[in-house]
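Sequence lines set the chain letters: A, B, ... in the order given, protein chains first and strands last, and positions in each chain run from 1.
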Amino acid sequence: MALKGVKVLEFAGVAPAPFCGMILSDFGATVLRIDKVQNSSDLDIDVLANGKKSLAVNLKTSEGKDIIKSLAKKHDVLLEPFRPGVMEKLGLGPSVLLEENRKLIYARLTGFGQEGLYCKRGGQDINYLGLSGLLSMFGRAEEKPTFPVNLVAGFGGGGLMCATGILLALFERANSGLGQIVDCSMAEGASYLGSWLFRSQELPIWENKRGENLLDSGAHFYDVYETKDGKYLTVGAIEPHFYEQLLKTLEVEDVDYFDFKKGKDVFKKKFLEKTRDEWNDIFAQTDACASPVLGIDEVADFEGNRDKFVKKDNGIVIPKPGVKLSRTPGETQALKKRPRVGQDSFEILKGLGYSEDKIRDFNSNGIIKTYT
Amino acid sequence: MALKGIKVLEFAGLAPGPFCGMILADFGASVLRIDKVNNNTNLDVLSNGKQSLAVNLKSPEGIDIIKQLSKEYDVLIEPFRAGVMENLGIGPKILLENNPKLIYARLTGFGQDGPYSKRAGHDINYIGLSGLLSMFSRVNEKPMFPANLAADFGGGGLMCAMGILMALYERTNSGLGQIVDCNMVEGSSYLGSWLLRSQKLPIWGNKPGENVLDSGAHFYEVYETKDGKYVTVGPLEMQFYKELLDGLELEELDYFDFKNGKEVLTKIFLTKTRDEWSKIFDEKDACVFPVLTAEEATEHKHTKCNFMKDETTVIPKPGVKLSRTPAKTTAFKKSPQCGEDSIDVLKDLGYSEENIWNLCKKGIIKTHKSKL
């Protein structure tokens, strides 16, 4: 696999960092999650931890810090999600760890970044998205902006952007032999992810208010429509030849491409005449850029999607790695077990050269937590 | 820079491919865009700093040029429907045989096989099929898509760039290239891994728009202010929720009563302007921040360092910072005219001036007037 042999230390945090670690893990890296000793597996909500290991260690003790320092010397990538200054205060900041291991790639994934007015404040995806300039572009006219759950900042501008930065640094290291800091802020990452949205604003497709443009639900030929059975279809027939096919398939005439309002009225009525799947059958024979909106419960069984997902016994749907490498493909780790907190503490410390007595000692003193 | 010396052939297409090429360019790669000879307009707003060769791919001489280029380049990115490159005689099999180190990236909507692979589509269709769009809506409304961000750029351009970097890194070990196959349906689903895989957690379970993170909860929402602008509110954790109530001068507001919470907060936020609220919440750690337009984001005290401006165009800075080998945005460099570099490129390949002139006359290549 592409990242075979790459070892990652992932400090436990909420979803964006685990997602970043998951991507690296899906492509062959070994990921060790650093948990707090007081973390209980019963409250384990990290759904992206499958296939990772767990060391539970008390970072406030000098012995605990020593363990991390030893690990940092033997790992390729460290990923931490804490507010700026936290790792430095623990004595595990980048200048310390990079001095001990110059090949280390020290990745920092935060909402607001390492400096600036908000960098010490709490925040969530919705806040970062609001500050990125993007949220102001999302939402129907006459409604308040709509946010796509926590996809854009947490995962797009966050986890995936950070993974990209780590890979850039890994590649660069193959040439230079040196690591560096990879600093990813979700607010900034989200803006960069939306580069085209910003930089295309001078094009005629963005002349109107939010929700009245070509790509933001203004146009009748680029929108979601409800069907007879309360399900939905997407229509994306931007190019004139697809638009013609759309009109033909819907059996409507005289709907001017530029008359968004009339177009919406006509299409809205039309789509309510048949069920979503009836429409899908009809559109499957055409090239009109119309296809269904699939719910999570049906996405894995849908005809075009069967090789894109894996289903677990409990019904959870798992997307396979989103990019296929032909010679060294990724492999989802999602069917492996999720680690119990501290399940690998014993093994990890033994690997560092600690004696069994010492390890038991640490366990009793709350320096680490282990699983027997 | 991290990708110094890397050479990329980017076959011109809609926004996802150019965004992928732009990321590589921002981190130091040289990108040559392959245009059609009859391309007159340049709507590609992400092409700054790239070069352009305009060549007729339906001519054997044109195909020869591409074959020669691909022997000297590291990465090829093509956005065409499945089979198009093969039909032209420049599919991955042929080009990888000529250059086993080549990383052949294919960025499509529906992928290289499957029932939809020959159909046209756009971002809205891809996220509809990914399972994600069904999660993006307010209650009792139809799903709302975040413009074309999720599939085109998240699951598409950025995911593909990441795959290319994986392959580049892997090549430093193996010496070999491979195919990087990214389809936007799968890429989007993978980007949304957490959304799909967290479905059994108690934060889900209700209809779209009625859960904690999808606008169901009053403490994770967008609210309109007195001046018709908006704020984001995201205090999921109790310590932040308390500060929210503090800032709003509310004695109590039941965390679990979403409906009542929304009514109360909707009313309160309308009593002051967005910037008045910003001032109040600047003193609190309540996860309340303004929704900024693109323009405002370039001037806001925290976010302005995330952007640059080119006259009126807003340009997000590269979304991940590498400390030792930082990116440098290409956005201020010139955008190439179609075929601007055709002569230089062919000269570098060893074509004589006479030969180049003949190819021009025959319409095999196009060069920019200024170069004649």
Side-chain angles (χ1 to χ4, degrees), chain A residues 2 15 47 116-118 121-124 126-127 130-131 133 135-136 138 144-146 148-149 155-156 161 164-165 167-168 170-172 174 180-181 183-184 188-189 191-193 195-196 198-200 215-216 224 234 236 287 289 291 293 295-296 299 304 308 317 319 322-324 326-328, chain B residues 2 15 45 114-116 120-122 124-125 128 131 133-134 136 142-144 146-148 153-154 159 162-163 165-166 168-170 172 178-179 181-182 186-187 189-190 194 196-198 213-214 222 232 234 240 285 287 289 291 293-294 297 301-303 306 314 316 319-321 323-325:
Chain A
V47 297
L117 224 53
Y118 292 163
R121 308 246 313 253
Q124 291 287 347
I126 196 176
N127 305 125
L131 290 164
L135 183 54
S136 69
F138 296 165
K144 50 188 184 175
T146 314
V149 193
F155 302 119
M161 190 69 70
T164 302
L167 290 165
L168 281 162
L170 274 170
F171 174 74
E172 194 282 334
Q180 57 186 309
I181 302 170
D183 171 1
C184 186
E188 191 164 5
S191 300
Y192 188 60
L193 181 64
S195 285
W196 183 85
F198 289 99
R199 290 167 61 175
S200 64
L215 291 176
D216 65 3
V224 178
T234 56
D287 219 4
C289 304
S291 50
V293 175
I296 297 185
V299 69
K308 297 189 170 66
V317 171
V323 59
K324 300 202 258 277
S326 59
R327 192 169 46 77
T328 62
Chain B
V45 298
Y116 283 7
H122 281 289
I124 196 176
N125 306 121
L133 183 55
S134 68
F136 298 164
K142 54 183 183 175
M144 181 55 199
N148 62 336
F153 304 120
M159 189 68 71
M162 191 198 66
L165 292 167
M166 293 262 188
L168 275 170
Y169 172 73
E170 194 281 335
T172 65
Q178 57 186 310
I179 303 169
D181 173 0
C182 184
E186 197 160 3
S189 300
Y190 191 59
W194 183 86
L196 292 162
R197 288 168 61 178
S198 65
L213 291 176
D214 65 3
V222 177
T232 56
F240 302 133
D285 211 2
C287 302
F289 295 95
V291 175
T293 61
K301 53 199 173 171
H302 179 86
T303 56
N306 295 350
V314 172
V320 59
K321 302 203 256 276
S323 59
R324 191 170 47 77
T325 62

Looking only at G189(A), G295(A), S291(A), G156(A), the option with the highest number of non-hydrogen pairs under 4.5 Å against chain B is S291(A)

Does a side-chain heavy-atom distance below 4.5 Å link V222(B) with L135(A)? yes

Could you check whether any side-chain heavy atom of Y190(B) comes within less than 4.5 Å of a side-chain heavy atom of K308(A), counting everything from C-beta outward? no

Whatever's closer than 4.5 Å to a heavy atom in chain A on T172(B) counts as side chain

V47(A), part contacting chain B, at a heavy-atom distance under 4.5 Å: both

Between W194(B) and F155(A), what is the shortest heavy-atom contact and its length? CB-CZ, 3.3 Å

Option in G165(A), S191(A), A15(A), C184(A) with maximal non-hydrogen atom pairs under 4.5 Å from chain B: S191(A)

Separation of M162(B) CE from L168(A) CG (nearest 0.5 Å): 11.5 Å

Give me the atom names and distance for the closest heavy-atom approach of G322(A) to M159(B). O-CG, 3.5 Å

Can you see which heavy atom on P316(B) is nearest to which on F198(A), and at what distance? CG-CD1, 3.4 Å

Among the options S200(A), S136(A), A174(A), pick out the one with the most heavy-atom pairs lying under 4.5 Å from chain B. S136(A)

Region of Y116(B) in contact with chain A, defined by heavy-atom distances below 4.5 Å: side chain

Evaluate the side-chain proximity of M144(B) to V224(A): yes if any heavy-atom separation is below 4.5 Å, no if none is. no

Output the option from K324(A), Q124(A), E172(A), R199(A) having the highest count of non-hydrogen pairs under 4.5 Å with chain B. R199(A)

Considering only heavy atoms and a distance below 4.5 Å, find which of G154(B), S198(B), A120(B) pairs most often with chain A. A120(B)

If you tally heavy-atom pairs under 4.5 Å against chain B, which of L193(A), V293(A), V317(A) wins? L193(A)

Between D287(A), L167(A), L170(A), which shows the greatest number of heavy-atom pairs under 4.5 Å with chain B? D287(A)

Who wins among S134(B), G114(B), A15(B) for the most heavy-atom pairs under 4.5 Å with chain A? S134(B)

Nearest heavy-atom approach of V323(A) to C182(B) is CG2-CB, 4.0 Å

Does any heavy atom of chain A fall under 4.5 Å from the side chain of T293(B), the backbone, both, or neither of them? both

W196(A) and V45(B) have their tightest heavy-atom pair at CD1-CG2, 3.6 Å

Among L165(B), D285(B), V314(B), N148(B), the residue with the most heavy-atom pairs under 4.5 Å to chain A is D285(B)

Mind checking the OG1-OH spacing from T303(B) to Y118(A)? Nearest 0.5 Å is all I need. 8.0 Å

Do you know which of H122(B), H302(B), E170(B) has the most heavy-atom pairs with chain A at a distance under 4.5 angstrom? H302(B)

